[in-house]
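Encoded as structure tokens, the structure appears first; notes follow it.
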Amino acid sequence: MARKSKIKAAAQVVPVETAEASGRLGGGWGLVHGLPLAAPGIGCAIFAILIVLAHAKWGGDPVWTPLLSILFLAIGALVTFFGHMAAGPRLLLRILMVVTGSLATGSLVLGLVVGMAAIWPAYTLCSLIVWVLWVIWRGTKYAGATPATDGAGNPLMEAIKQARVQFATPTIDERGVVRAKVETLPGGTLEGARALMPMISAESRAVPGSTNLAVDLDEDGRGTIEIATRDNLKHGVAWPGLAGLQLGSLPCDPFAIGEYQTGVCEVQIVGDYSRDKRAPDIKHLKIGGVTGSGKSTGGRVFLGSQMVKRRLNIIGIDLSKGLQTFGVFAPGLTWMITNEEEARLFLHRLKHVIKGRTTQLADENLMRWSLDSRLNMLEIWVEESKEFRRFQTLYSDLVADARSAGIFFVSSTQHWNYRSASTDTRSNHGAAIMFGVESHDEAEQILPKEALAALGKNLQYWGSSKPGYCYATGMSIPTNQWGSMLRIYEPTTEQLAEVVAAGVAYRDPMDPVTEQLFGELFANRTRYPLNGPSGPESANPAFRGAVTLTGATSTHSAPAAPAVPASTRRPATAVGDEEQEMAAMAEEEIAEDREAMRQALRDSRRYHLGEDARPEDLADVDAEEVISGVIVTPGSDDEGTEEAEVQAPLSPEEAQRVWDEALDGWYREGRTHLRTADLVELLGKVRRDRRFLYRQRDRWTDLGCIAARPDADGWDLVASPLQSTGRR
């Protein structure tokens, strides 16, 4: 009962003066009413005795009387001034302080000089005036008739009056959450009310971070304040698991990820555009927080809730911790990537997948992804990895274009500063879940401006001291809840394994269009059965096996490709700059070719024209072109020379076909790394110059077959050019 009374007192946060008055009325009548009313008379009698004693001691003395008179006047003036300032805007109290101070000072000085016998009539009249004023002051307070400026002694009341807002109709629910209506008075704004939130939270002894002011979206100047007076989430919130999920739900169906102090928090990754053209579109999600703040737990709840959904394919990328966080989800993920080289190839290939999926949606007359499309929604979950920082530009472009292709990015990292993600990447993540951080700068890099404005000075920084607590925005969460702290569910490994197994009957395989766009990179992915990877897969994360994904409805399986023996791989060439190396090699080879051609021309001239040949006879010959036909090489003497047939070079189309077939062969062998030396060797087979190599390199890059490696050591082999030409 005592706790309930305390909560109700907290519900009356604004009328603090009422609570104080009720406390004073709790004693006896004499103590509460009689003593304050009799105090002025008692004080006047005691003061008269002091005046008589002062006159008897120092009155009439030529030295002490004037000195003490001056001293009493100065002290009385200072005390009167201090009482006037302390009264503030309370008019009656100011009058009482000034009149009492002035009369007391005058009576003391006159009594010291002439004695009480000469001034007792005037002193008695002044005492009665002070007494009456004191009775009026106390009476108005007990009667509740204190003017509007009263109550200014309470700092919270003063702040509320200065902000020109009022709080009305407070209520409290069974969870100990106090709610009250907030309205602005003339000249006030809700921004002024929001600035009061820290003071209100402290006055009501609220749970840190639980005080929230929700603005009315339909009418300006009105809102609702929520204050949690007890922490309902202190001991954690267990995840309902399979019992709280809808089996076979769709990507547009909401699901719960945790609880506020006021109730459950549900999120929705995309609206149902097929039913409502104004439904919210995909907003990429960024998750941030320091180590130990609960990011991994939040990710497990988010993924676990999606394991029973249809029309959703999830690709997980975790290069820093491998399967440590999401290992239990590996059988339920469409694709799990833990190898750095495979992740790079995936990112380069994803650019063309986005383009292909966008084209497919355009062919279906859809401006955005919806359930009416042949495509499944694609979710790409990227856990923190230093390797991805080298691809900031590429990653930013992918995130910017992915929404239009029905691709939902979830990016999780400890710090969202410029070292981890560019400004464009952060801005393209419209939704956010911020776990514990340690500074306002870190919060600014995660939460949107609307959430920061809703929190104001009430934003909490708890680092890793309160794991699981977070702020969530976007994902169809009402904006008036963006400033409320929630706690993520705490799942068990058994619950997560249960939902992964239960979702086998509902999860759809990759749609054919997206599967074709990914090509062999997807077909040769590592597969994880429900009992976990075994055999070669567990020994080598980059293994391209043919393990069938348990529960998948797709019957596609690719034969295991033989690994390239280490003895057949070319050693990495130590080059600082690929272009400089290629240019130097090209100049060297061209110089040698030119000299050989000139020598062949000189020999042919001597053979056919003899000594009568002149230099201008060969002026129309271009030494840059390969000479075809018959070139006679002189022997030991002029009569012993024989004609040698030189094979004509391949046409550009034929040479290009040879190069495409060679690259296709390397790709199907399982090679993922292409070096400059490989292309130089291939260049000699088609008898073309270095310019042909540059043209093929650019063409393959445009097709998405190769991508420059971050270490400048050649290229990553992403796809086959023969497969690319048949792609959408």
Practice task
Return the orientation label for the Phe409 and His284 ring planes: parallel under 30°, perpendicular over 60°, tilted otherwise.
Solution key: perpendicular

Exercise for the section: State, yes or no, whether a side-chain contact exists between Ile257 and Ile433 at a heavy-atom distance under 4.5 Å. Expected result: yes

Exercise for the section: Calculate, to the nearest 0.5 Å, the distance between atoms OG and CZ belonging to Ser127 and Phe47 respectively. Expected result: 9.0 Å

Exercise for the section: Examine distances only and state if a side-chain atom of Gln495 and a backbone atom of Thr492 form a donor-acceptor pair shorter than 3.5 Å. Expected result: yes

Completion exercise
All heavy atoms of Val165 vs all of Thr189, minimum pair found to be CG1-O, 3.7 Å

Fill in the blank from the handout: Taken to the nearest 0.5 Å, the spacing of Thr80 OG1 from Leu103 CG works out to 9.5 Å

Problem - Check against side chain to side chain contact (heavy atoms under 4.5 Å, CB included), Val267 and Ile477 - result: CA-CA 6 Å; Val267 299; Ile477 298 175; 3.9 Å; yes

Problem - More than 12 heavy atoms of other groups within 6.0 Å of Lys466 NZ - result: yes

Handout entry: Stepwise side chain to side chain contact (heavy atoms under 4.5 Å, CB included) check, Arg300 with Leu496
Key = CA-CA 8 Å; Arg300 289 161 71 91; Leu496 298 174; 3.2 Å; yes

Problem - Heavy-atom check, side chain of Ile282 versus side chain of Ile269, under 4.5 Å - result: no

Problem - Nearest heavy-atom neighbours spanning Val290 and Ser464 - result: CG2-N, 3.7 Å

Exercise for the section: Can you sort out the partners of Glu442 under salt bridge (charged side-chain N to carboxylate O under 4.0 Å, His left out), two or more places apart, ordered by chain and number? Expected result: none

Fill in the blank from the handout: What one should report as the nearest heavy-atom pair of Leu459 and Ala443 is CD2-CB, 3.8 Å

Problem - Heavy-atom donor-acceptor pair, Ser427 side chain to Asp424 backbone, under 3.5 Å - result: yes

Exercise for the section: Side-chain contact test, heavy atoms from C-beta onward, threshold under 4.5 Å: evaluate it for Asp281 versus Arg403 and give yes or no. Expected result: yes

Exercise for the section: Report yes if some heavy atom in the side chain of Ser411 is under 4.5 Å from a heavy atom in the side chain of Trp416; otherwise report no. Expected result: yes

Problem - Exceeds 12 heavy-atom contacts within 6.0 angstrom, atom CH2 of Trp462 - result: yes

Exercise for the section: In sequence, state the C-alpha distance, the side-chain angles, and the governing distance for Glu259 and Asn232, and then conclude on side chain to side chain contact (heavy atoms under 4.5 Å, CB included). Expected result: CA-CA 9 Å; Glu259 289 189 10; Asn232 300 288; over 6 Å; no

Practice task
State, with a plain yes or no, whether a side-chain heavy atom of Tyr471 is found less than 4.5 Å away from one of Met485.
Solution key: yes

Practice task
Return yes when atom CZ of Arg164 has more than 12 non-hydrogen atoms of other residues, nucleotides or ligands closer than 6.0 Å, and no otherwise.
Solution key: no

Handout entry: side chain to side chain contact (heavy atoms under 4.5 Å, CB included) assessment of Arg175 paired with Thr262
Key = CA-CA 7 Å; Arg175 298 172 65 95; Thr262 57; 5.5 Å; no

Completion exercise
Closest heavy-atom pair, Ser396 versus Thr425, reported as atoms and distance to 0.1 Å, is CB-OG1, 3.3 Å

Completion exercise
d(Ile200 CD1, Arg194 CZ) to nearest 0.5 Å is 11.5 Å

Handout entry: Ile46 CD1 to Ile51 CD1 distance, which is reported to the nearest 0.5 Å
Key = 12.5 Å

Exercise for the section: Give a yes or no answer on whether the side chain of Arg487 reaches the backbone of Lys234 with a donor-acceptor pair at less than 3.5 Å. Expected result: yes

Problem - 4.5 Å side-chain heavy-atom contact, Ile488 and Leu486 - result: yes

Problem - CG on Leu128 to OH on Tyr123, rounded to 0.5 Å - result: 10.5 Å

Problem - Heavy-atom check, side chain of Asp253 versus side chain of Gln268, under 4.5 Å - result: no

Problem - Within 6.0 angstrom of Tyr461 OH, more than 12 heavy atoms from elsewhere - result: yes

Problem - Sole residue of Asn212, Thr229, Asp231 in side chain to side chain donor-acceptor pair (under 3.5 Å) with Gln261 - result: Asp231

Problem - Under 3.5 Å: donor-acceptor pair, side chain of Lys295, backbone of Thr413 - result: no

Completion exercise
What one should report as the nearest heavy-atom pair of Thr169 and Lys181 is OG1-CG, 3.3 Å

Practice task
Can you establish whether the number of heavy atoms outside Lys449 located under 6.0 Å from its atom NZ is more than 12?
Solution key: no

Practice task
Evaluate the side-chain proximity of Ser69 to Val113: yes if any heavy-atom separation is below 4.5 Å, no if none is.
Solution key: yes

Practice task
Working to the nearest 0.5 Å, report the span between OG1 of Thr297 and CZ of Phe302.
Solution key: 15.0 Å

Problem - Neighbour count above 12 (heavy atom, 6.0 Å) for Asp220 CG - result: no

Problem - Backbone N/O of Ile227 and side chain of Ser201: donor-acceptor pair under 3.5 Å - result: no

Practice task
State whether a side-chain donor-acceptor pair under 3.5 Å links Ser305 with Tyr489.
Solution key: no

Practice task
Indicate the atoms forming the closest heavy-atom contact of Pro467 with Gly292, along with that distance.
Solution key: CB-O, 3.5 Å

Exercise for the section: Spell out, as yes or no, whether a donor-acceptor pair under 3.5 Å connects the side chain of Trp239 to the backbone of Gly244. Expected result: no

